[in-house]
Amino acid sequence: MPKARVVPNEITYNAAISAFEKGGQWQLALNLLSLMPEARVVPDKITYSAAISACEKGGQWQLALSLLSLMPDAKVVPNEFTYNAAISACEKGGQWQQALSLLSLMPKVSVVPDKITYNAAISACEKGGQWQLALSLLSLMPDARVVPNEIHYSAVTSACEKGCQWQQALNLLSLMPAVRLFPNAVTYSAAISASEKCGQWQLALSLLSLMPEARVVPNKITYNAAISACEKGGQWQLSLNLLSLMPEARVVPDKITYSAAISASEKCGQWQLALSLLSLMPEARVVPNKITYSAAISACEKGGQWQLALNLLSLMPEARVDPDTINYNAAISACEKGDQWQLALNLLSLMPEARLEPNEITYSAAISAVEKGGQWQLALSLLSLMPEAKVVPNEINYNAAISACEKGGQWQLALILLSLMPEARVVPNEITYSAAISACEKGEKVAAGTWPFEQHA
DNA sequence: CTAGGGTTAG
């Protein structure tokens with residue numbers, strides 16, 4: 001008996017492409033698409049939509065747009081699925097202009113935007129920092145006969161947050177009942193987060209306190225956002241208070257909660273508290289991650305506890321948390337604050353074997369450390385080593401190096417550094433000039449003291 | 001056989 005042959009059709013291919021999309025394998029998804037012609041299977045709109053989604057998930061917005069542009073040649077007519085996937089790809093890629101241009105193209109190709117289209121477009125505006133456009137899209141929805149829901153409002157609130165428009169965020173919240181929408185936990189969390197980002201911690205807490213009467217149950221994220229608001233407002237007691245209220249609200253703290261509370265302690269100089277929160281995590285069955293450690297290391301840094309900071313960094317591997325560049329940066333800063341420039345340099349030198357790439361912040365912490373140690377030569381070598389480490393120096397790096405020259409009485413070198421900034425495309429700021437000026441003033445005094453009669457010569 | 005949206009920590 002001949003073996004039964006299963007001939008794959010477009011449905012088989014679509015299912016497989018979709019499976020790759022779900023598994024985050026955009027290359028494999030596109031590969032299958034490219035194999036379809038020789039298999040004599042004709043891709044349809046589902047094939048393209050699935051492939052565009054695969055590109056979206058893989059962060060390949062350009063590929064997503066190319067696929068969309070190839071559809072007419074392939075005689076496949078895009079539908080709302082296709083456009084929504086392409087707009088989402090633009091959103092993820094930070095391409096708000098492209099997202100909006102796709103949206104405006106839809107009526108021309110007779111594809112009707114739906115709720116999802118608008119949400120993807122609003123999110124694209126949010127990611128691009130375009131809060132005004134996000135608000136306009138929301139206001140244009142009724143004309144397009146798409147009824148806004150809680151998700152649209154939350155997304156626009158989030159756009160307002162990014163633009164630090166807390167009044168607009170509150171306004172949105174207050175407008176919802178009139179359109180028969182009821183804010184939910186996400187809406188409140190977004191509004192709390194907007195208050196937090198704009199430094200309105202009292203507002204964040206009042207929003208939280210208004211939730212019970214609105215019959216909205218705060219979740220973990222709501223609490224985390226509120227704790228973070230207390231942190232930004234320098235209110236460590238309030239952030240701890242919120243943490244302590246979570247069990248009775250039946251909300252289980254997670255690593256974000258602890259990290260936010262540790263960070264609140266850090267901002268308020270409470271390094272002991274930060275460490276005790278960290279030590280309480282195992283019994284709360286919450287596993288710290290890199291962010292938790294970096295908050296704790298920074299707390300030690302702010303408290304002048306460089307030994308404890310280094311200790312925390314060294315404990316990370318046994319806690320099965322791989323340190324990253326930010327953890328090293330925090331530890332290097334701790335060494336700087338503790339006047340341990342040799343240790344700061346040592347940490348920097350350990351980064352390659354930890355397979356970590358230093359960034360501008362790493363170098364600025366290291367340059368500042370050697371600057372404080374009076375090592376202007378080292379400051380200059382660190383600055384000069386940045387290009388080969390593929391790190392582009394910024395004004396902070398130059399400022400630290402100029403300050404090092406200033407401290408070392410090297411006014412000429414300070415001026416040379418200043419003069420090199422334009423070709424390095426770094427724009428000097430007030431700090432740059434004041435460091436350079438004080439270097440020159442010092443130089444003048446030294447010159448006056450050394451050669452008192454030079455003016456007569 | 002297809003997809004897609006909103007909230008939190010360094």
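None of these values were measured; they are calculated from a predicted model. Values below: every heavy atom of this structure, side chains too, minus hydrogens, waters and symmetry copies. Protein chains get the first letters and strands the later ones, always in sequence-line order, with residue 1 at the start of each.
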Checklist entry - Who pairs with A:Asp322 by side chain to side chain contact (heavy atoms under 4.5 Å, CB included), at least two apart in sequence or on another chain? => result A:Lys290

Checklist entry - What residue pairs, at least two apart or across chains, pass salt bridge (Lys or Arg N to Asp or Glu O under 4.0 Å) with a residue in residues 150-160 of chain A? => result none

Please table the atom pairs, donor to acceptor, closer than 3.5 Å between any side-chain atom in residues 80-90 of chain A and protein atoms at least two apart or in another chain.
| from | atom 1 | to | atom 2 | distance (Å) |
| --- | --- | --- | --- | --- |
| A:Thr82 | OG1 | A:Ser49 | OG | 3.3 |
| A:Thr82 | OG1 | A:Asn79 | N | 2.9 |
| A:Thr82 | OG1 | A:Asn79 | O | 3.3 |
| A:Thr82 | OG1 | A:Asn79 | OD1 | 2.8 |
| A:Asn84 | OD1 | A:Thr117 | OG1 | 2.6 |
| A:Asn84 | ND2 | A:Glu80 | O | 3.2 |
| A:Asn84 | ND2 | A:Asp114 | OD1 | 3.2 |
| A:Ser88 | OG | A:Asn84 | O | 3.2 |

Enumerate donor-acceptor pairs with a distance under 3.5 Å from any side-chain N or O in residues 268-284 of chain A to protein atoms, sequence neighbours excluded.
| from | atom 1 | to | atom 2 | distance (Å) |
| --- | --- | --- | --- | --- |
| A:Ser276 | OG | A:Leu273 | O | 3.1 |
| A:Ser279 | OG | A:Ser276 | O | 2.7 |

Next on the checklist: List the residues meeting salt bridge (charged side-chain N to carboxylate O under 4.0 Å, His left out) with A:Lys162, not counting sequence neighbours, and say none if there are none.
Outcome noted: A:Glu126

Next on the checklist: Strictly below 4.0 Å: does A:Thr82 bring a side-chain N or O up to OP1 or OP2 of B:dA3?
Outcome noted: no

Checklist entry - How does protein reach along nucleotides 4-10 of chain B, written 5' to 3' as B (base within reach of a heavy atom under 4.0 Å), S (only sugar-phosphate), or - (no contact)? => result BBBBBBB

